[in-house]
Amino acid sequence: MTELDHTSNLLFKAFQADHIDLADNLLLLRMALSEGQLDDLRAQAARIIESAGAHIAFEEFDFYPVLEATLSESEVSRMYLEHAEGLALMTRIANLDGGDFGATDFLTEVLQGLQKLEHHVADCGNLFVAVGNLDEAHCERLLNSLYDWHKRAPSWSEIEALSKDNLK
């Protein structure tokens, strides 16, 4: 195994571990929804907002720019938009009051949003093949960046502010 294979493999494993964690948390949220557990549902949505931020930041600041070389601008823009929609959904659920919880339109909206977010998680994980075209130094920078985001541990709700700070 070459050094690039090793670095690329470490990056792939870390990237996939984040996707598995998010998928597991979305499943727990779906279970709380199906069991009618409002407090668990709100708590799980808040947990997702807190735990997914490092990975979302990595994707938006580091991974998606790499994808711009292999995907269309509209495909990459769609992924950013899906992050924003996912955060809006999680925020709505985390702040949900009991009155909306049983409403049919609310349940339909949440289930559709969850399905879209779950699809995004699966699709994004499959886009990792783009890293296969990168040299060792670039893979190492990406891996270090992913580790750095995990050390910083921003919440998902802090990502927009971080992007505005980067524009200054």
Side-chain angles (χ1 to χ4, degrees), residues 11-131 142 146 149-150 152-164 166-167:
L11 179 57
F12 175 74
K13 285 181 178 181
F15 189 79
Q16 287 301 97
D18 282 354
H19 278 94
I20 290 168
D21 185 54
L22 181 53
D24 289 348
N25 279 314
L26 289 171
L27 177 61
L28 291 172
L29 186 126
R30 190 179 276 277
M31 289 170 52
L33 180 66
S34 70
E35 293 170 0
Q37 299 295 323
L38 179 57
D39 290 339
D40 291 349
L41 182 66
R42 284 191 293 233
Q44 187 60 28
R47 212 172 359 264
I48 290 169
I49 291 169
E50 289 306 310
S51 67
H55 185 77
I56 300 292
F58 170 76
E59 286 185 344
E60 292 194 3
F61 296 114
D62 301 299
F63 184 60
Y64 290 172
V66 169
L67 293 179
E68 290 172 352
T70 56
L71 298 178
S72 71
E73 183 179 325
S74 65
E75 289 174 298
V76 175
S77 294
R78 178 184 48 82
M79 289 186 292
Y80 285 103
L81 177 61
E82 288 172 352
H83 278 181
E85 291 171 348
L87 175 60
L89 177 65
M90 292 301 113
T91 302
R92 180 166 183 215
I93 294 169
N95 296 317
L96 185 63
D97 67 34
D100 289 337
F101 186 57
T104 303
D105 58 335
F106 168 77
L107 293 173
T108 300
E109 181 184 328
V110 168
L111 289 171
Q112 288 173 346
L114 279 174
Q115 183 176 15
K116 189 172 185 178
L117 189 54
E118 290 162 342
H119 188 264
H120 171 87
V121 170
D123 277 355
C124 194
N126 292 330
L127 293 172
F128 193 81
V129 295
V131 174
L142 285 173
L146 182 56
W149 281 115
H150 276 280
R152 288 177 68 177
S155 73
W156 193 351
S157 59
E158 294 173 318
I159 303 303
E160 184 178 356
L162 290 172
S163 65
K164 288 178 182 175
N166 286 344
L167 296 174

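For this chain, numbers begin at 1 and follow the sequence in order.
Applying the side chain to side chain donor-acceptor pair (under 3.5 Å) rule to D39 yields the partners R42; only residues at least two apart in sequence or on another chain are considered. R78 is linked by a salt bridge (charged side-chain N to carboxylate O under 4.0 Å, His left out) to E82, counting only residues two or more places apart in sequence or in another chain. Residues satisfying the side-chain contact (heavy atoms from CB on, under 4.5 Å) test with A94, not counting sequence neighbours, are A45, A46, I49. Remark: E50 pairs with no residue by the salt bridge (charged side-chain N to carboxylate O under 4.0 Å, His left out) rule, at least two apart or across chains. Every residue meeting the side chain to side chain donor-acceptor pair (under 3.5 Å) condition with S72, not counting sequence neighbours, appears here in chain and number order: S74, E75. The side chain to side chain donor-acceptor pair (under 3.5 Å) search around E85 returns K116, not counting sequence neighbours. D40 meets the side chain to side chain donor-acceptor pair (under 3.5 Å) test with no other residue; sequence neighbours excluded. Applying the ring-ring contact (aromatic ring centres under 6.0 Å, His included) rule to Y80 yields the partners Y64; only residues at least two apart in sequence or on another chain are considered.
Here the side chains of F61 and I159 are in contact, with some heavy-atom distance below 4.5 Å. Put simply, the side chain of E59 reaches to within 4.5 Å of the side chain of H83, judged on heavy atoms. Under the 4.5 Å side-chain criterion, counting only non-hydrogen atoms from C-beta, F63 is in contact with C124. Counting only heavy atoms from C-beta outward, the side chains of L33 and L29 never approach each other to under 4.5 Å. Using a 4.5 Å heavy-atom threshold, the side chains of Q115 and L111 count as separate.
In this structure, CG on L81 lies 10.0 Å from NE2 on H120, to the nearest 0.5 angstrom. Put simply, CG on L87 and CG on L117 are 10.0 Å apart, with the number rounded to the nearest 0.5 Å. One finds the CG atom of L26 at 4.5 Å from the CD1 atom of I48 (value rounded to the nearest 0.5 Å).
Residue pairs meeting the ring-ring contact (aromatic ring centres under 6.0 Å, His included) criterion with at least one partner in residues 33-56, sequence neighbours excluded, are F15-H55, H19-H55. Residue pairs meeting the salt bridge (Lys or Arg N to Asp or Glu O under 4.0 Å) criterion with at least one partner in residues 104-115, sequence neighbours excluded, are R92-E109. Within the structure, the ring-ring contact (aromatic ring centres under 6.0 Å, His included) test picks out no pair touching residues 22-54 (sequence neighbours left out). Here side-chain hydrogen bond (donor to acceptor under 3.5 Å, both in side chains) pairs that include residues 25-35, with residues two or more places apart or in two chains, are N25-Q44, R30-E118.
Between F106 and L96 the shortest heavy-atom distance is CZ-CD2, 3.4 Å. Residues D97 and L38 come closest through the heavy atom pair C-CD2, 4.4 Å. Across all their heavy atoms, W156 and M90 have their closest contact at CZ3-CG, 4.0 Å. Annotation for L89 and L114: closest pair CD2-N, 3.6 Å, computed over non-hydrogen atoms. Nearest heavy-atom pair, A14 versus L146, reported as atom, atom and distance to 0.1 Å: CB-CD2, 3.5 Å.
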Given side chain to side chain contact (heavy atoms under 4.5 Å, CB included), test F58 with D18 step by step and report yes or no.
CA-CA 11 Å; F58 170 76; D18 282 354; 5.9 Å; no
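Between the D21 side chain and the A17 main chain, no donor and acceptor come within less than 3.5 Å of each other.
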